[in-house]
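Below is one structure, written out as structure tokens, with a few remarks after it.
Atoms within each ligand, like the ligands themselves, are counted from 1 in listed order. Everything quoted here is computed from the prediction, not taken from an experiment.
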Amino acid sequence: MKNKCLYYAGLAVFIMISGCDNQNQSRADSALILQGSTMGTFWRVSLADVAPERKESLQKAVQRQLDDDDRTLSTWKADSVLSRFNRYRGSEPQPVSDDMADIVTEALRIGKKTDGAMDITVGPLVNLWGFGPDKQPVKTPTQAQIEAARAKTGLSHLRVIQRAEGAYLQKDLPALYVDLSTVGEGFATDHLARLMEKEGITRYLVSVGGAVLTRGLNPQGEPWKVAIQKPTDRENAAQAVVDLQGHGISTSGSYRNYYELDGKRLSHVIDPATGAPIQHRLVSATVIATTALEADGWDTGLMVLGEEKAKALALREKLAVYLIIRQGDEFVSWMSPQFRSFVLSP
Ligand code: ADP
Ligand code: MG
């Protein structure tokens with residue numbers, strides 16, 4: 001069955017396991033596959049050239065690391081490092097891990113490059129619209145509520161401080177609330193890649209939710225294939241297949257996480273400029289970058305910016321970007337020149 005050869009890593013990107021149709025495939029030809037769940041989503045690791053005896057210990061090591069990442073980054077867990085920083089109401093620098101400092105530094109950088117469209121301080125608005133740990137609203141928030149929540153946001157209120165003894169986060173707005181949900185999958189994916197390297201593994205595909213990173217060749221000696229899914233299809237159907245060549249990929253899509261309020265379909269991506277969920281024809285933005293973290297930051301920013309601005313930014317920053325745009329009942333796609341070099345099939 002064809003579908004057995006395909007795997008969802010989130011709904012927008014999936015992984016094609018080539019060679020799995022081959023009945024005569026030898027064991028040396030098949031990937032060692034580990035999978036599980038974390039951060040409210042699924043993770044998957046495919047390995048080439050790794051002895052099956054290592055499966056159990058690797059599975060445990062991956063799960064342990066992802067659970068640790070979740071404990072650090074989650075705003076859904078009251079005892080996470082991030083939740084503690086969010087509850088803190090002062091302006092003294094708060095010590096954080098190097099990983100946390102790196103994620104925030106990268107998120108702030110992309111935030112600035114997207115004119116604040118990607119904004120990790122958007123949490124109060126995310127919660128107001130019911131996409132955070134708070135309950136979903138029963139009515140559309142009023143303009144006054146939106147303004148009140150928006151007054152608690154802004155990238156300029158958050159700083160990363162590097163000192164000889166370690167890294168710190170500092171806020172100058174007591175109510176500032178940092179939400180790293182949008183880069184968490186990318187970070188965790190990069191972290192998995194580092195774990196594989198530490199284990200001496202050099203041919204792998206690692207993925208958490210909609211973020212994927214690959215290195216080396218698959219068990220058949222071919223590139224690992226990652227597919228961007230057609231937005232209309234319930235089945236796994238590829239819109240484009242890419243060879244990541246050691247890079248990370250991430251997709252942000254307006255059709256993945258939403259609910260209906262007052263008859264309107266609301267996306268969980270919030271436009272910090274309006275304080276409301278995005279509403280435009282851009283259905284998904286996929287980015288390939290050196291790290292999955294970077295890809296995961298850009299994809300959200302591009303989603304917020306919408307079709308025209310996203311294209312302009314992709315060209316200006318020379319990003320590898322693939323957009324799917326709704327045109328009436330149809331979907332059209334656009335890719336930047338940098339993205340084209342990763343495409344194996346249209
Ligand atoms: P997608 O499902 O499209 O891949 P992500 O899961 O990467 O999106 O990110 C969505 C989450 O990011 C939201 O649930 C929210 O917590 C947070 N978020 C919403 N809007 C923004 C924004 N403009 N900038 C940064 N984070 C956002
Ligand atoms: Mg993202």
* To do: Determine, considering heavy atoms only, which of Leu180, Leu125, Thr182 sits nearest to atom 26 (N) of ligand 1.
  => Thr182

* Taking the minimum heavy-atom distance to atom 23 (N) of ligand 1, which of Asp271, Ile270, Val122, Val178 ranks first? -> Ile270

* When you look at CD of Glu165, are more than 12 heavy atoms from neighbouring residues, nucleotides or ligands closer to it than 6.0 Å? -> yes

* Proximal ligand 1 atoms for Asp296, defined as those under 4.0 Å from one of its heavy atoms -> 7 (O)

* I would like to know whether Asp68 and Arg71 meet salt bridge (Lys or Arg N to Asp or Glu O under 4.0 Å); could you show each step before the answer? => CA-CA 5 Å; Asp68 278 354; Arg71 259 192 298 280; 2.7 Å; yes

* Lys152 to Tyr177, cation-pi by 6.0 Å centre distance and 45° axis angle -> no

* Please could you name the atoms of ligand 1 that Pro272 approaches to less than 4.0 Å, counting only its heavy atoms? => 23 (N)

* So, is Glu185 polar-close to ligand 1, with some N/O to N/O distance under 3.5 Å? -> no

* Could you give the distance from CG (Asp69) to OG (Ser97), rounded to the nearest 0.5 Å? -> 9.5 Å

* Residue Thr251 vicinity, atoms of ligand 1 by number, heavy atom under 4.0 Å -> 4 (O)

* Against heavy atoms of Val304, which atoms of ligand 1 measure under 4.0 Å? -> 23 (N)

* Structure fact -> side-chain hydrogen bond (donor to acceptor under 3.5 Å, both in side chains) with Arg215: of Gln245, Glu197, His247, only one passes, and it is Glu197

* Asked: When Val212 is tested against each of Leu244, Thr189, Thr251 for side-chain contact (heavy atoms from CB on, under 4.5 Å), which residue passes?
  -> Leu244

N/O donor-acceptor pairs under 3.5 Å from side chains in residues 304-312, not counting sequence neighbours:
from, atom 1, to, atom 2, distance (Å)
Glu307, OE1, Arg281, NE, 3.4
Glu307, OE1, Arg281, NH2, 2.5
Glu307, OE2, Arg281, NH2, 3.3

* Under 3.5 Å: N/O of Asp299 near N/O of ligand 1 -> no

* Asked: Which ligand 1 atoms does Met118 reach within 4.0 Å, using its non-hydrogen atoms?
  -> 24 (N), 25 (C)

* Structure fact -> Sequence neighbours excluded, the answer for side-chain hydrogen bond (donor to acceptor under 3.5 Å, both in side chains) partners of His157 is Asp172

* Show which atoms of ligand 1 fall inside a sub-4.0 Å distance from at least one heavy-atom site of Asp179. => 15 (C), 16 (O), 17 (C)

* For ligand 1, is any non-hydrogen atom under 4.0 Å from Ala117's backbone (N, CA, C, O), its side chain (CB onward), both, or neither? -> backbone

